[in-house]
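Written below as structure tokens is the structure these notes are about.
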Amino acid sequence: MAAIVSLNIGRKELVQKAANLIDTFDPKRTTVDAWIDDSDVTKDKCLQEVEKKFLHQVLYGCMRYQKFLKLFVTSFLYKCPTAALRTEQTLYTILGYLMFFRLEELGVAEFREMLLCGCGTMPSLLALLQYALSADDLEKWVKVEWCKIYDVKYIEEEVIGKLQGFLEEMRPLVEEVEFKATGTVKQGDPTSFVEKRPATEFKPFKNLTTPKPRLIPEPQAINREVKALPVPRKMINSTSLCAIEEEKRQRRKDHESKAAAKYAALASSVPVLRTDRNDTEKELEELTSKVRAEEMAECTFKPKVNQYVPSKRSGTAVVQHNIASVLREDALLKQKQAKEYEILKRYEEELHDASEFNCWQKEMREKDKIEEELLVQQRIAEMQMARENAIEAYDAETQRRKIKAAIAKEQLQCDLEQKARDDEFELKGKQDLVEKVQGDRDSTRNKEAEATKAKAEKAEQQRREKEAEFERKRLEDEQELEKRKDVIRQIRALEKCPVEKFRPFDPAEPPSQGLLDEMSLVELKERLQVVQARQAKETEEKRQKQLERKVAKQQELNDKAEMLARVRDQAREEARQRNAAATGRKQLAEEQAQQRREKLTLEVAAKVEARKQLKRQEEAALRKELKEVAAKRNFLQAGAAQVEARVHAEQHRGLEREARNRRKQSLAKQLKADEVLATEVAMKRNNALKAKQDLRVMREEVDERLRQAKAANNDLTQEIKEAAESARMTQRTWIRKSAADLGGTGSPVQRTSTARLSTSA
């Protein structure tokens, strides 16, 4: 595996340039090599030779495997519609090309830098990795479509199988992307990707004076004792319960005597009630039976329902208006006032208004409406007449068709007999032709079997050669993979030497980073308090202004509500007058429309009667015509024997003429078929020669392109190896320099790293 290459520009910018290069490429106008030379992306002076070579290889690979990558990206968008973004399709195409075809040369570490450079969102990149590394998902969603373009063995071994070989090396990368995308990892330790920092240790200041403890005041004692006043001695000794009861009894007797004396004078004028008479019980029974009868009358399945009569309220209903209704009504009133103002202004400028025109327009519209109603009634009458005409025409046509059908049946019977004789003669000729064709077909099938057998032997030979070539390529790939795994282990050993430096934090000291307006944490807090006090003052001022505006707005709403109430009263009176006038006009219009309908009904009845009279005349003419046709048919049947003799003579002459024409046509067809066959043989011979020449030219062009691509690939591989070697030398020099600066042999980790580098060297 190649080490991480140092680039002149960031990997994010490099990936963006590659995406821009692919998006702007048009294969109908230019080629890949010409577009690399002419594009503005590759003309950037910041690009080194390695970066230009990377852009060239990515563009060439994405165009070469365009159908393969398009199917992969499309299936990924359909499988993960919530995570994948359609704006990043070009990025998915580039990452898919690097994973499926260049991961072995690029290396997992370099692919990780390309993936995490920041070009795409983490959820979409996580879904892309999981989809590409899942053999089940690939077989379910896209493998069938790939096999329609490429060989099945190539897809299973060289594409899916090779990527599955990197599954263990790609697992840490997948877990890292999953942790960044979701914050959790289903498998593995999620804290392995988080840099561990030591916790802050709190230490007290040594140069501060220790404060004295504050004395707590003693609590005040609360007196909860309740003291009641003593009972007066005079009250206890002067009264008793017996005396109080006696006083109550005497007071009750006094009240009774006063009431009896008050009503004694009215005893003679007391009225006599009806309940004191003897017939009270009889009347009570009658009333009881009457009430029960009324109650039982309501016990039925069809009770009497009283009609609802709305209550007549005095005055108009009171409607509660809110702010929205007042403002809405005020806006409508202002619009109406603006329209009236425009009318007055136009009258002042032009010295006339549109009232006369409006009256004329209204009259014309009413007149048009009346004319339209008359036209509708007229159309109704015409439709009725058209319907009757159609019925009559249908009956007449039916009768004519019956007569024609009888004549056609007789002619058809004669034609069928003649056709039966012609079919018998034609069948005999076809049977002779079939026997001749079957003899020619057997010889053709023998030749086809021999050609098929030769093609099968040639295909088997080619298949054995391809299997031997695939086996040799697999062994070479395994050796190269083992070498790259060894390089990966060496690079991982170099990466496990982190160096962490930090210094304690002082809140009273400015950061001293050379920035404008630097301040310490203490000064920042003081300024924050000043700003908060100023903001509180501004907030209070705004609150007062808002209250004043609210009071003014409420007063304005009250004024508007009073004015709208007056406007509503005036509008109600005007509406009542308009409704009365409209009711009168409506009644007059209904009377006129009724008169017009009656007039049109009479006209339609007269037209229908005239049409019926015309129909009766046509029926009489048709009966007369049918009688004439029957008489003519009887006359023709009388000379049927002579007619039949002439018909047979004409038929014989027609058969002889058809035989001569058929013989001439068959000779002409045979001559034309021979000419076409000769032309077809010559064209097939020329097409075969041209196809062989085109195939030879295409093979030469493909071999030349493959030779150039392999040369470019070898150059890129050599450059990556040289860059990896340079990185190892730089790391070794840096470790030695750090050991020399720290003195001695350095820390145990540095000694271990130095020993491993010397061993790997």
Side-chain angles (χ1 to χ4, degrees), residues 18-39 41-43 49-73 90 93-94 96-106 145-155 157-159 162 454-455 458-474 476-477 480 682-720:
N20 188 13
L21 200 64
I22 294 172
D23 291 336
T24 55
F25 174 68
D26 188 0
K28 296 181 180 179
R29 296 184 178 180
T30 182
T31 61
V32 175
D33 298 332
W35 182 244
I36 289 293
D37 298 335
D38 299 340
S39 178
V41 176
T42 56
K43 292 181 180 179
E49 189 65 26
V50 177
E51 297 159 353
K52 291 183 179 179
K53 183 66 70 176
F54 174 79
L55 294 176
H56 190 180
Q57 292 292 333
V58 168
L59 177 60
Y60 175 77
C62 291
M63 292 300 105
R64 180 183 178 185
Y65 301 103
Q66 184 177 9
K67 294 182 179 179
F68 177 92
L69 297 174
K70 186 176 181 181
L71 291 173
F72 170 72
V73 173
T90 309
T93 303
I94 295 173
Y97 168 69
L98 296 178
M99 276 193 297
F100 287 109
F101 301 103
R102 306 305 291 267
L103 183 60
E104 186 176 2
E105 301 174 5
L106 192 64
E145 299 298 329
W146 281 347
C147 293
K148 293 179 181 178
I149 305 174
Y150 301 95
D151 187 58
V152 178
K153 186 176 180 180
Y154 172 76
I155 294 296
E157 297 180 0
E158 298 298 327
V159 178
K162 185 177 290 186
K455 288 182 180 179
K458 186 178 179 180
E460 182 66 21
Q461 181 66 22
Q462 292 179 355
R463 186 183 63 79
R464 287 195 294 269
E465 293 176 358
K466 286 184 179 180
E467 289 180 355
E469 183 67 21
F470 287 152
E471 183 65 21
R472 184 184 61 79
K473 184 66 171 59
R474 186 181 63 79
E476 293 177 358
D477 293 341
E480 185 67 21
M683 290 178 64
K684 286 183 178 179
R685 188 184 303 107
N686 295 332
N687 292 337
L689 293 175
K690 186 178 179 181
K692 289 181 180 179
Q693 294 176 0
D694 294 343
L695 179 62
R696 185 173 60 258
V697 173
M698 183 188 68
R699 286 178 178 176
E700 293 175 357
E701 292 178 355
V702 171
D703 293 340
E704 182 64 24
R705 287 201 299 270
L706 289 175
R707 186 165 51 256
Q708 293 177 2
K710 288 181 180 179
N713 189 15
N714 294 333
D715 295 341
L716 178 60
T717 305
Q718 185 63 26
E719 290 176 2
I720 293 174

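Count residues from 1 along the sequence.
- No donor-acceptor pair under 3.5 Å is formed between the side chain of D151 and the backbone N or O of C147.
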>> K473 vs D477, test: salt bridge (charged side-chain N to carboxylate O under 4.0 Å, His left out). Steps then yes/no.
In response: CA-CA 6 Å; K473 184 66 171 59; D477 293 341; 2.8 Å; yes
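- One finds no salt bridge joining E469 and K466 here, because no Lys/Arg side-chain nitrogen approaches an Asp/Glu carboxylate oxygen to under 4.0 Å.
- Here T30 contributes atom OG1 and W35 contributes atom CH2; the two are 7.5 Å apart, rounded to the nearest 0.5 Å.
- Y65 pairs by the ring-ring contact (aromatic ring centres under 6.0 Å, His included) definition with F101, not counting sequence neighbours.
- Remark: E701 engages no residue in a side-chain hydrogen bond (donor to acceptor under 3.5 Å, both in side chains) (not counting sequence neighbours).
- In this structure, L21 and S39 approach most closely via the heavy-atom pair CD1-OG, 3.2 Å.
- The shortest distance between side-chain heavy atoms of I149 and F68 does not fall below 4.5 Å.
- Residues passing the ring-ring contact (aromatic ring centres under 6.0 Å, His included) test with F54: none are found, sequence neighbours excluded.
- Not counting sequence neighbours, F470 has no partner by the ring-ring contact (aromatic ring centres under 6.0 Å, His included) test.
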>> If you apply the rule salt bridge (charged side-chain N to carboxylate O under 4.0 Å, His left out), what do you find for E471 with R474, and how did you get there?
In response: CA-CA 5 Å; E471 183 65 21; R474 186 181 63 79; 2.4 Å; yes
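- With sequence neighbours excluded, no residue forms a salt bridge (charged side-chain N to carboxylate O under 4.0 Å, His left out) with K43.
- Pairs of residues two or more places apart, or lying in two chains, that qualify as salt bridge (Lys or Arg N to Asp or Glu O under 4.0 Å) and include a residue from residues 18-33 are D26-R29.
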> Between F100 and W146, does a ring pair (Phe, Tyr, Trp, His ring centres under 6.0 Å) hold up when you go through it step by step?
Replying inline: CA-CA 13 Å; F100 287 109; W146 281 347; 5.7 Å; yes
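- Of all non-hydrogen atoms in C62 and L69, the two that sit nearest each other are CA-CD1, 3.9 Å.
- Comment: R699 does not engage D703 in a salt bridge, judged by the lack of any side-chain N to carboxylate O separation of less than 4.0 angstrom.
- The OH atom of Y60 sits 8.5 Å away from the CD atom of Q708 when rounded to the nearest 0.5 Å.
- The CD1 atom of I94 lies 12.0 Å from the CE atom of M99; values are rounded to the nearest 0.5 Å.
- Evaluation of the side-chain contact (heavy atoms from CB on, under 4.5 Å) rule for R463 yields E460, E467 as partners, not counting sequence neighbours.
- Applying the salt bridge (Lys or Arg N to Asp or Glu O under 4.0 Å) test to pairs two or more places apart or on separate chains, none has a residue in residues 52-71.
- To the nearest 0.5 angstrom, D715 atom CG is 8.5 Å from Q718 atom CD.
- For the side-chain hydrogen bond (donor to acceptor under 3.5 Å, both in side chains) test, no residue two or more places apart in sequence or in another chain qualifies with Q693.
- To the nearest 0.5 Å, atoms OH (Y97) and CZ (R102) are separated by 4.0 Å.
- Every residue was checked against the side-chain hydrogen bond (donor to acceptor under 3.5 Å, both in side chains) condition with D37, not counting sequence neighbours, and none meets it.
- Under the rule for a side-chain hydrogen bond (donor to acceptor under 3.5 Å, both in side chains), E157 has no partner lying at least two apart in sequence or in another chain.
- Residues V58 and A18 share a closest heavy-atom pair of CG1-CB, 4.3 Å.
- Of all heavy-atom pairs between Q57 and N713, the closest is NE2-N, 4.4 Å.
- Inter-residue side-chain proximity for L103 and L98 is flagged as unmet; no heavy-atom pair is nearer than 4.5 Å.
- In this structure, I720 CD1 and E105 CD are separated by 7.0 Å, a value rounded to the nearest 0.5 Å.
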>> Determine whether H56 and T42 satisfy the following criterion, side chain to side chain contact (heavy atoms under 4.5 Å, CB included), listing intermediate values before the conclusion.
In response: CA-CA 9 Å; H56 190 180; T42 56; over 6 Å; no
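- With sequence neighbours left out, the side-chain contact (heavy atoms from CB on, under 4.5 Å) criterion links Q462 to K458.
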